[in-house]
> 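Here it is: the structure, laid out below.
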Amino acid sequence: MAKIVAVLFADPVTGFPPEYARDTIPVIATYPNGQTLPTPKALDFTPGALLGSVSGELGLRKFLEDAGHTFVVTSDKDGIDSVFEKELVDADVVISQPFWPAYLTPERLAKAPNLKLAITAGIGSDHVDLATAITKGMTVAEVTFSNSIGVAEHTVMQVLALVRNYLPAYQTVLAGGWNIADNVARAYDLEGMDVGIFAAGRIGRAVIERLAPFGVKLHYNDRFRLPADVEEKYNLTFHEDIQSLVKNVDVLTVHAPLTAETAGLFNDELLSSMRRGSYIVNPARGAIADTMAIVRALESGQLAGYAGDVWAPQPAPADHPWRTMPHHGMTPHVSGASLPSQARYAAGTREILEAWFAGEKIRSEYIIVEGGGYAGTGAHSYAKK
Ligand code: NDP
């Protein structure tokens with residue numbers, strides 16, 4: 001029998017919700033590329049419930065305990081005295097969400113001799129040291145596509161919020177004010193702007209599709225070009241490299257995974273090559289940007305706005321400079337954790353566990369690392385070109 005440790009975010013400060021704002025969530029038939037939604041044999045939760053917090057338990061307790069496994073759930077994840085660090089030593093499986101990542105560093109992985117499977121309930125497994133996981137012969141899996149559309153929606157929302165100066169206008173209302181000039185002195189229309197998409201994978205592609213009707217000129221960079229008919233349909237300008245992309249846009253959205261190639265990419269040099277007054281929305285990973293370079297660019301006016309929902313580290317400390325930099329629209333890491341997304345990644349986590357315990361293959365689109373190397377989705381998105 002196995003020991004499964006799940007690191008989940010804490011319950012709401014007001015307690016686990018007795019009811020929700022809506023009674024149902026929409027039923028989605030398939031993902032946009034035809035990939036099927038998670039197909040576990042059964043579910044022990046109601047889709048639409050808060051599953052990602054400690055009391056939600058990703059709806060897994062009955063399933064795991066009925067099968068005789070030990071299931072530990074905690075939100076206490078950082079530092080050597082944390083519950084996670086203590087429970088990790090004899091864990092077989094670790095589950096965590098990128099919003100509240102259980103960092104599996106080389107040191108932690110060395111302390112976990114039994115650990116064979118790390119599941120990301122969501123998308124983005126950079127909180128696991130993938131090189132060490134490969135050396136250890138572990139499997140790393142995530143629930144590909146589970147929250148991609150939600151992140152794309154959040155991206156569009158933040159692009160509009162920055163360009164139209166929504167957040168300061170809302171603050172004016174809360175403060176009882178009505179000064180139009182203060183707000184519109186920084187308000188623009190998205191219409192007619194050049195918008196760049198850095199990495200046109202599942203999320204980037206969905207952002208392209210959602211922004212096209214706004215009458216913008218779309219540009220993108222990716223390691224592989226999109227099919228010619230897609231470029232034509234959205235009138236996309238392809239740029240060979242990030243340097244060319246950032247120079248030619250007013251708004252840039254970032255959707256590449258965090259890898260050795262992308263870490264710290266948005267530094268002073270790259271930011272200074274952008275048009276003055278550009279906006280960046282980065283819901284990919286905070287560490288793709290140089291933290292202080294973003295602050296400097298906002299303070300100097302080189303950037304007119306920065307938003308996203310990913311920070312380094314997470315949770316962001318109370319004095320993280322991005323909390324107080326000017327003209328930002330940051331949220332905590334929530335874009336991929338809407339209630340419908342939680343239902344999908346909880347079901348996908350169960351599907352992965354069912355396959356794992358039955359000794360069956362986990363579907364390849366969920367696999368990042370397997371058999372001593374990058375595999376499945378990981379071989380495409382994380383491995384070097
Ligand atoms: P995909 O794997 O579908 O897309 C990633 C894309 O990035 C691929 O097209 C890949 O190219 C491209 N890419 C990788 N490295 C580079 C590079 N150096 N330069 C240019 N392009 C590159 O992933 P998703 O769209 O589903 O997710 C993207 C990222 O978003 C995730 O890795 C994760 O970090 C983040 N994310 C954030 C969430 C949130 O809640 N904020 C939720 C979900 C994901 P190719 O495959 O062509 O080689």
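Whatever order the structure lists ligands and atoms in, that order sets their numbers, starting from 1.
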> Could you tell me which atoms of ligand 1, counted from 1 in the order shown, lie closer than 4.0 angstrom to a heavy atom of Asn147?
42 (C), 43 (C)
> Under 4.0 Å from a heavy atom of Gly336: which atoms of ligand 1 are those, numbered in the order shown and with their elements?
40 (O)
> Excluding sequence neighbours, so at least two apart, what forms ring-ring contact (aromatic ring centres under 6.0 Å, His included) with Trp322?
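Testing Trp322 for ring-ring contact (aromatic ring centres under 6.0 Å, His included), a comparison that skips the adjacent residues, returns Tyr306, His320.
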> Could you list which atoms of ligand 1 come closer than 4.0 Å to a heavy atom of Thr262?
18 (N)
> Closest non-hydrogen protein atom to atom 1 (P) of ligand 1, residue and atom name please, with distance?
Arg202 NH1, 3.5 Å
> Please determine whether a side-chain nitrogen of the Lys or Arg among Glu240 and Arg225 lies less than 4.0 Å from a carboxylate oxygen of the Asp or Glu.
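Salt bridge between Glu240 and Arg225, a charged N being under 4.0 Å from a carboxylate O: no.
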> Any Lys/Arg nitrogen of Lys111 or Glu107 sitting under 4.0 Å from an Asp/Glu carboxylate oxygen of the other?
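Glu107 and Lys111: not salt-bridged.
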> Taking only heavy atoms of Glu261 into account, list the atoms of ligand 1 that are under 4.0 Å away from them.
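Listed by number with element, the hits are 18 (N).
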> At a 4.0 Å threshold, what atoms of ligand 1 neighbour a non-hydrogen atom of His380?
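So the answer, numbered in order with elements, is 45 (P), 46 (O), 47 (O), 48 (O).
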> Write out all pairs satisfying ring pair (Phe, Tyr, Trp, His ring centres under 6.0 Å) with one or both partners inside residues 28-58, taking only residues at least two apart or from two chains.
Tyr31-Phe145
> Compute both the distance and the angle, then confirm whether Arg323 meets the cation-pi test with Trp311: under 6.0 Å from the six-membered ring centre, within 45 degrees of the axis.
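Checked: cation-pi criterion met.
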> Gly122 near ligand 1, heavy-atom distance under 4.0 Å?
no
